[in-house]
Amino acid sequence: FLLTMVLVLSLVVFANIKIGVVLPMTGGIAAFGEMSWQGIELAHEMYPEVLGQKIDLVLVDNRSEKTEAANAVSRVIDKDKVVAIIGEVASAHSLAGGAVAERKHIPMLTSSSTNPLVTTGKKYVSRVCFIDPYQGAAAAIFAFDNLKAKKAAVFIDVEQDYSVGLANFFKKKFKELGGNYFIEFFKTGDQEFSAQLTDALNKNPDVLYITGYYPEISLFARQARMLGYNGPILAGDGAEAEELIKIGGDAVEGLYYTTHFHPDGAATEMTKVFVEKFIEKFGTKPGAMHALGFDAYLVMRKAIEMAGKADPKAIAKAIREVKNFPGATGMITINKNGDAEKSVVVDMVKNGEFTYVTTVNPAEK
Ligand code: PHE
């Protein structure tokens, strides 16, 4: 009996801590999944343990689909018995998966879902990124002040909570600043935007603001240039993937987008360490999605350490008590709603590369 007790005890004490990672590894936004995973992998390699125990990561693909986003969360909880989850990427996916995590009382920490509703009314779902009221306001300020735009054409992907929300927050701020706008709709997977673009260009906008993800943004840019539009194109964090440049080519040259991080806008000591290690491991410079994945892992690990045990409820609580944590993307403080408050970076595509432009703090405007 004693021997069994010792065995069971040692299993409990020395068992690895399992964390689920749910990402879009295939499908429409697979580039985001790949980038997040690289950031998480690097952080795991650098800090593989917590509370003297090894951390095991269990990666599950949501195939860039809403139904799979929920299924994948159920799977890591029920089958793999994880104590916490890092994920997902698209806000629509974190909304679907987050509902499951909340119901099953397993903490979920998204690196990059920015729609406010992802954490609203929840105790178990938090994030290490800013939310879209900030991002949308920062884009509006940049369009109005820096691009001197007075009239904006706002393009909305009706299938993405992220896009709908971001467009709304932009509109509100842009109007407040004295600008006006009109809207056009599209949906994920569309390839042909000439109807919306023709209609929009007839109204002579000063800027095209495209909220959505890189597959559609790159095609939008190409078709807008083909129709003779030479003005500025502005997008959100959903633009940032190498695919944007691969598919968009010359058409995305000069495109601006708001985001979370740029290696040239270095924020903390950890930023330097992260950039150096990332280049060493992958041979390329990291982007926002890599840095956010890296930070999500570090914050999760920190929360487990603060909780003092691998207990889901204690971890969920500790995540929202993380204050002034030096991450790759900046100092991270998670508020009581589970959101991080951070400044917004503006980048542009210059000579086929993502280039740092400026940092905007909408809260101070
Ligand atoms: N913010 C996007 C969303 O909520 C996801 C995203 C973040 C995409 C960062 C790219 C970079 O859906």
Side-chain angles (χ1 to χ4, degrees), residues 22-25 27-40 62 64-66 69 86-98 108-120 125-139 156-170 187-188 209-218 234-245 252 255-263 286-296 327-330 332 338-340 342-347 349 354:
V22 180
L23 298 171
M25 300 307 290
I29 52 168
F32 288 154
E34 184 61 33
M35 289 189 279
S36 312
W37 179 238
Q38 287 180 336
I40 295 167
N62 68 21
S64 303
E65 286 169 18
K66 285 180 211 178
I86 296 174
E88 301 186 25
V89 173
S91 290
H93 300 163
S94 287
L95 279 163
M108 178 162 150
L109 184 62
T110 167
S111 60
S112 49
S113 291
T114 46
N115 186 287
L117 297 175
V118 166
T119 54
T120 304
V125 185
S126 302
R127 68 183 118 216
V128 296
C129 53
F130 55 60
I131 55 176
D132 287 331
Y134 292 97
Q135 178 169 210
I156 302 174
D157 182 339
V158 293
E159 286 199 352
Q160 299 296 341
D161 300 85
Y162 157 69
S163 178
V164 174
L166 185 58
N168 280 332
F169 301 118
F170 173 89
K187 60 184 198 321
T188 301
Y209 182 50
I210 310 170
T211 60
Y213 300 126
Y214 64 88
E216 289 80 22
I217 298 171
S218 51
L234 179 62
D237 52 359
E240 197 187 326
E242 279 303 321
E243 280 69 6
L244 179 90
I245 297 170
V252 298
L255 178 142
Y256 295 99
Y257 63 92
T258 49
T259 187
H260 308 257
F261 161 91
H262 190 284
M289 196 55 95
H290 302 114
L292 288 170
F294 184 86
D295 282 355
T329 56
I332 301 173
D339 303 327
K342 291 150 92 189
S343 41
V344 180
V345 170
V346 181
D347 284 356
V349 181
F354 295 130

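Both counts, for ligands and for their atoms, begin at 1 and track the order of listing.
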Exercise for the section: Decide whether an N or O pair under 3.5 Å exists between S112 and ligand 1. Expected result: yes
Problem - Sub-4.0 Å heavy-atom approach of Y213 to ligand 1 - result: yes
Problem - Best match, M289, E88, R127, Q160: closest heavy atom to atom 8 (C) of ligand 1 - result: M289
Problem - S113 to ligand 1, any heavy atom closer than 4.0 Å - result: yes
Problem - atom 4 (O) of ligand 1 - nearest protein heavy atom and its distance - result: S91 OG, 2.5 Å
Problem - Steps toward side-chain contact (heavy atoms from CB on, under 4.5 Å) verdict (F294, I40) - result: CA-CA 5 Å; F294 184 86; I40 295 167; over 6 Å; no
Handout entry: H93 touching ligand 1 at heavy-atom level, < 4.0 angstrom
Key = no
Exercise for the section: Please could you name the atoms of ligand 1 that A90 approaches to less than 4.0 Å, counting only its heavy atoms? Expected result: 12 (O)
Practice task
Verify, without hydrogens or angle tests, whether T258 (side chain) and V346 (backbone) share a donor-acceptor contact under 3.5 angstrom.
Solution key: no
Problem - Heteroatom proximity flag, Y162 to ligand 1, N/O under 3.5 Å - result: no
Exercise for the section: Using modelled atom types only, decide if a donor and an acceptor are shared between the side chain of H262 and the backbone of F354 within a distance under 3.5 Å. Expected result: yes
Exercise for the section: Run the numbers on T119 and I131 for side-chain contact (heavy atoms from CB on, under 4.5 Å), then give the verdict. Expected result: CA-CA 10 Å; T119 54; I131 55 176; 5.6 Å; no
Practice task
Report yes if the side chains of Q160 and T211 come closer than 4.5 Å at any heavy-atom pair, otherwise no.
Solution key: no
Practice task
Might you point out which heavy atoms bring S112 and L292 nearest each other, and give the distance in Å?
Solution key: CB-CD1, 3.9 Å
Practice task
Measure from atom 7 (C) of ligand 1 to every heavy atom in D237, D132, I29 and give the option owning the shortest one.
Solution key: D237
Exercise for the section: Using the six-membered ring wherever Trp is involved, compare the ring planes of F32 and Y213 and label them parallel, tilted or perpendicular (cut-offs 30° and 60°). Expected result: perpendicular
